[in-house]
Amino acid sequence: EEQKDFAEQRAIELKKAKDELEDYSLKLRMSSQYKTDFLANMSHELRTPLNSILILSQMLMENNSDMDHEEVAEYAKVVNTSGADLLRLIDDILDLSKIEAGKIEILTDEVNVTEIPQTMRNMFNPVAAKKNLQFEVVTDSNIPPVLSTDGQRLQQILKNLLSNAFKFTEQGGVTLRIELAPPEKAKKLINKQTREPVLALSVTDTGIGIPQEKQKIIFDAFQQVDGTTNRQYGGTGLGLSICREFTRLLGGVIEVQSEPEKGSTFTLYIPSRLEAEEVVPLDVRLG
Ligand code: ADP
């Protein structure tokens with residue numbers, strides 16, 4: 001009897017080890033697939049602006065005597081925006097590799113909340129106007145006027161979320177809301193002892209939305225809802241993983257609610273005062 005028990009026990013252990021191994025090898029294979037997809041996307045994303053820069057600058061070099069002033073200015077502008085696109089892409093890659101190496105520094109500072117709406121309006125009003133979309137910023141009056149957090153990183157997160165919102169929306173508009181987190185969300189925040197108010201910053205759009213089964217993976221690096229090479233929207237799939245990591249570094253969490261063809265809301269919950277020596281655990285998610 002005892003021997004039988006022992007054999008059964010061993011069989012269970014073996015099966016568990018085998019499952020773990022399979023799980024691990026699946027993960028490995030998937031991560032190498034990510035990298036292949038990533039490199040393919042990345043090459044495409046690098047080549048597009050670089051091609052414009054090379055072709056247009058060559059035209060400017062060779063034919064500038066036959067061009068009128070406006071034409072020259074127009075080409076120069078495309079060269080300039082293509083360069084800016086490239087720089088953004090490279091900054092994203094650098095940020096992500098710094099995050100992965102644990103080398104991102106968080107600089108806590110006094111951040112004036114009332115400045116956030118204006119900064120975002122300045123940045124996104126032109127995009128909104130160009131696509132004929134509404135852009136609304138709603139700030140709750142009971143939020144603390146001054147935050148103690150990394151303003152640069154916070155801005156980067158909001159910028160990423162807003163540019164996605166505008167990118168994936170063709171009609172209607174985008175709303176940025178800055179308010180207090182409801183108590184049940186605030187309680188779940190990483191820093192459980194926090195007595196400080198918790199903020200909820202959300203970006204809502206009326207765009208294409210995200211299918212339920214994709215809502216978890218879009219925060220992983222290199223993941224896009226449409227991962228095919230002939231996909232309609234550009235991008236590298238890095239923005240949201242940077243957002244998630246920065247949010248974690250700010251002591252917060254990020255979540256998404258979305259319905260295909262209706263729109264999406266990305267919400268950031270962050271403490272209004274980030275303790276400098278706070279240790280942020282790696283894998284905390286809102287349930
Ligand atoms: P990128 O936008 O460069 O592809 P992100 O990490 O920012 O990378 O986003 C990953 C994917 O999540 C996008 O490719 C898109 O499929 C989906 N996504 C992100 N934001 C939105 C949004 N507001 N509406 C619809 N889909 C979105």
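Whatever order the structure lists them in is the order used to number ligands and atoms, beginning at 1. The shown structure was predicted, so the numbers you read here are calculated from the model rather than taken from an experiment.
With ligand atoms numbered from 1 in the order given, ligand 1 contributes 5 (P), 6 (O), 7 (O), 8 (O) to contacts under 4.0 Å with heavy atoms of G239. Near G209, meaning under 4.0 Å from any of its heavy atoms, are these atoms of ligand 1: 25 (C). The S264 neighbourhood of ligand 1 comprises atoms 24 (N), with distances under 4.0 Å to a heavy atom of that residue.
Salt bridge present: D220 and R244 bring a charged side-chain N and a carboxylate O closer than 4.0 Å. At a threshold of 4.0 Å, the pair E255-K185 counts as salt-bridged, since one of the basic side-chain nitrogens sits closer than that to a carboxylate oxygen. A salt bridge does not link E13 with K18: none of the charged nitrogens is closer than 4.0 Å to a carboxylate oxygen. A salt bridge does not link D92 to R88: none of the charged nitrogens lies less than 4.0 Å from a carboxylate oxygen.
Residues S264 and S258 have side chains that bring a donor and an acceptor to within less than 3.5 angstrom of each other. A donor-acceptor pair shorter than 3.5 Å can be found between the side chains of D95 and Q156.
If you look at I210 next to ligand 1, the close heavy atoms, those under 4.0 Å, all belong to the side chain. Contact annotation for K214 and ligand 1: no heavy atom of the residue comes within less than 4.0 Å of the ligand. Of the heavy atoms in L238, only backbone atoms (N, CA, C, O) come closer than 4.0 Å to ligand 1. At a heavy-atom distance under 4.0 Å, no atom of F219 approaches ligand 1.
Considering backbone and side-chain atoms together, K167 places an N or O closer than 3.5 Å to an N or O of ligand 1. Ligand 1 has an N or O atom lying under 3.5 Å from an N or O atom of V225, backbone or side chain.
The heavy atom nearest to atom 19 (C) of ligand 1, out of those in N160, N164, D205, L161, is found in N164.
Counting non-hydrogen atoms of neighbouring residues, nucleotides and ligands closer than 6.0 angstrom, the CD atom of E71 exceeds 12 such neighbours.
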